[in-house]
Undergrad: 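Have a look at this one before I ask anything.
Every number for a ligand or one of its atoms is a count from 1 in the order of the listing.
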Amino acid sequence: MNLSDTFKHKGLRQQMVDHLRQHGINDEGVLRAMNEVPRHWFLDSALDSHAYDDRALKIGCEQTISHPSTVAIQSQLLALQPGMKVLEIGTGSGYQTAILCRMGAKVFTVERQKGLFDKTRRLLSDLRYNARCFLGDGYRGLAEVNYGPYDRIIVTCGAPEVPEALMAQLKVGGIMVIPLGNGEQEMLRITKHGDDRSLWQVEKFGTYSFVPMLNGKAMK
Ligand code: SAH
């Protein structure tokens with residue numbers, strides 16, 4: 001693994017951040033984290049020259065790392081404060097996880113593909129991001145290990161419905177950011193003002209295209 005971070009990488013990263021700013025990202029914490037975390041470390045070295053393009057890229061196991069603009073909008077919608085407990089569904093490359101850690105969150109992240117889980121857990125630990133990584137089905141959240149409830153939940157795969165178990169693990173007053181739909185998804189921010197469904201405030205933030213959130217047991 002090549003963990004160099006050259007002037008070229010840094011320059012391209014600054015350009016990426018300028019592009020995000022021009023496209024409406026104004027949370028300075030998000031912009032700072034995205035300027036500091038080298039996205040190319042989360043990609044195969046063959047993709048190095050594209051690491052700072054606003055593109056989704058392949059990360060193996062038929063999965064993709066989200067566009068930088070998608071990572072930025074989801075991170076901004078979370079309205080994070082340092083020290084908050086965040087549950088992430090869909091660890092993938094670990095890039096979004098690293099951004100949340102850099103922003104001072106305590107991150108718990110769940111991935112269902114064993115290959116990605118093993119690789120990314122090792123990478124995040126080598127890079128000293130202290131996220132807790134779990135292999136499992138994110139539909140169920142982290143029901144069996146009692147770290148919740150969470151201040152924030154972020155889903156980074158396209159969910160056909162809002163998983164009940166996840167809403168149950170969100171604190172009252174907490175926020176979930178989730179792309180909802182089959183095929184294309186609408187980005188939703190759900191604020192849980194109370195346990196009753198009638199107290200869940202839903203806001204919509206445009207259309208995105210994610211890999212699907214798959215139901216069922218963790219896969220090899
Ligand atoms: N945040 C990631 C995005 C990866 S793509 C990144 O920045 O790289 C979405 C990930 O969600 C994939 O790795 C996929 O395997 C995972 N996923 C899909 N369904 C899931 C489920 N039910 N539970 C946990 N992870 C899931």
Side-chain angles (χ1 to χ4, degrees), residues 16 20 30 33-34 37-44 47 50-78 80 86-103 105 107-124 127 129 131-145 150 152-167 169 176-185 187 208-220:
M16 175 187 82
L20 295 172
V30 172
M34 292 190 68
V37 176
R39 187 172 184 252
H40 66 279
W41 288 354
F42 297 84
L43 292 165
D44 192 286
L47 295 171
H50 295 297
Y52 297 100
D53 298 350
D54 195 9
R55 278 173 62 177
L57 296 163
K58 292 201 184 314
I59 54 171
C61 303
E62 292 170 30
Q63 305 303 323
T64 55
I65 184 173
S66 300
H67 289 66
S69 54
T70 305
V71 172
I73 190 77
Q74 288 201 281
S75 304
Q76 175 162 295
L77 289 174
L78 284 176
L80 267 186
V86 180
L87 174 62
E88 178 190 34
I89 308 302
T91 316
S93 67
Y95 177 65
Q96 172 76 74
T97 321
I99 296 294
L100 298 172
C101 290
R102 200 78 189 84
M103 292 179 71
V107 187
F108 301 82
T109 184
V110 185
E111 171 58 53
R112 75 184 282 280
Q113 299 246 21
K114 175 114 171 55
L116 278 174
F117 165 78
D118 286 338
K119 185 172 159 202
T120 300
R121 180 167 64 164
R122 195 171 323 116
L123 177 67
L124 287 168
L127 296 175
Y129 290 108
R132 306 282 302 262
C133 297
F134 300 86
L135 177 66
D137 177 7
Y139 264 94
R140 308 176 58 230
L142 275 180
E144 55 278 12
V145 280
Y150 302 92
R152 301 289 187 258
I153 297 183
I154 174 172
V155 179
T156 71
C157 37
E161 76 228 52
V162 177
E164 295 271 341
L166 287 187
M167 280 310 288
Q169 289 166 47
M176 181 189 300
V177 175
I178 180 168
L180 193 75
N182 293 301
E184 284 199 323
Q185 295 84 29
M187 189 66 76
Y208 290 82
S209 181
F210 282 79
V211 295
M213 183 170 189
L214 298 171
N215 213 334
K217 280 215 298 237
M219 299 195 337
K220 283 256 155 82

Undergrad: Do NZ/NE/NH1/NH2 and the carboxylate oxygens of Lys114 and Asp118 come within less than 4.0 Å?
TA: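 So Lys114 pairs with Asp118 through a salt bridge.
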Undergrad: Can Thr97 be said to touch ligand 1, with heavy atoms closer than 4.0 Å?
TA: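 Flag not set, Thr97 not near ligand 1.
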Undergrad: Below 4.0 angstrom from a heavy atom of Ile65, which ligand 1 atoms are there? Numbered from 1 as shown, please.
TA: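 Heavy-atom distances to Ile65 below 4.0 Å select 7 (O), 8 (O).
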Undergrad: So, does Pro212 sit close enough to ligand 1 that a heavy atom of it is under 4.0 Å from the ligand?
TA: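 Yes, Pro212 has heavy atoms under 4.0 Å from ligand 1.
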Undergrad: Give the single entry among Glu111, Gln74, Glu62 that approaches atom 15 (O) of ligand 1 most closely by any heavy atom.
TA: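 Nearest option to atom 15 (O) of ligand 1, by heavy atoms: Glu111.
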Undergrad: Grab the two heavy atoms, one from Met167 and one from Met176, that are nearest each other, plus how far apart they are.
TA: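 Smallest heavy-atom distance, with atoms named: SD-CE, 3.3 Å.
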Undergrad: With rounding to the nearest 0.5 Å, note down the distance linking CD in Glu88 to SG in Cys133.
TA: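 Answer rounded to 0.5 Å: 9.0 Å.
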Undergrad: Got a second to check how far Leu124's CG is from Trp41's CH2, nearest 0.5 Å?
TA: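 Reported to 0.5 Å precision, the distance equals 12.0 Å.
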Undergrad: So if I count the atoms of ligand 1 from 1 in the order they appear, which ones are less than 4.0 Å from some heavy atom of Leu116?
TA: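 Answer for ligand 1: 13 (O).
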Undergrad: Using a strict 4.0 Å cut-off to heavy atoms of Ser93, name the atoms of ligand 1 that fall inside it.
TA: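 Listed by number with element, the hits are 6 (C), 7 (O), 8 (O).
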Undergrad: Out of Thr120, Thr156, Thr64, indicate the one that has the non-hydrogen atom closest to atom 4 (C) of ligand 1.
TA: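 Minimum heavy-atom distance to atom 4 (C) of ligand 1 goes to Thr64.
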Undergrad: Should the ring pair His40 and Tyr52 be called parallel, tilted or perpendicular, given that the plane angle runs from 0 to 90° and is split at 30 and 60?
TA: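 Perpendicular.
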Undergrad: Enumerate the atoms of ligand 1 whose separation from the nearest heavy atom of Glu88 is less than 4.0 angstrom.
TA: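 Numbered from 1, ligand 1 contributes 1 (N).
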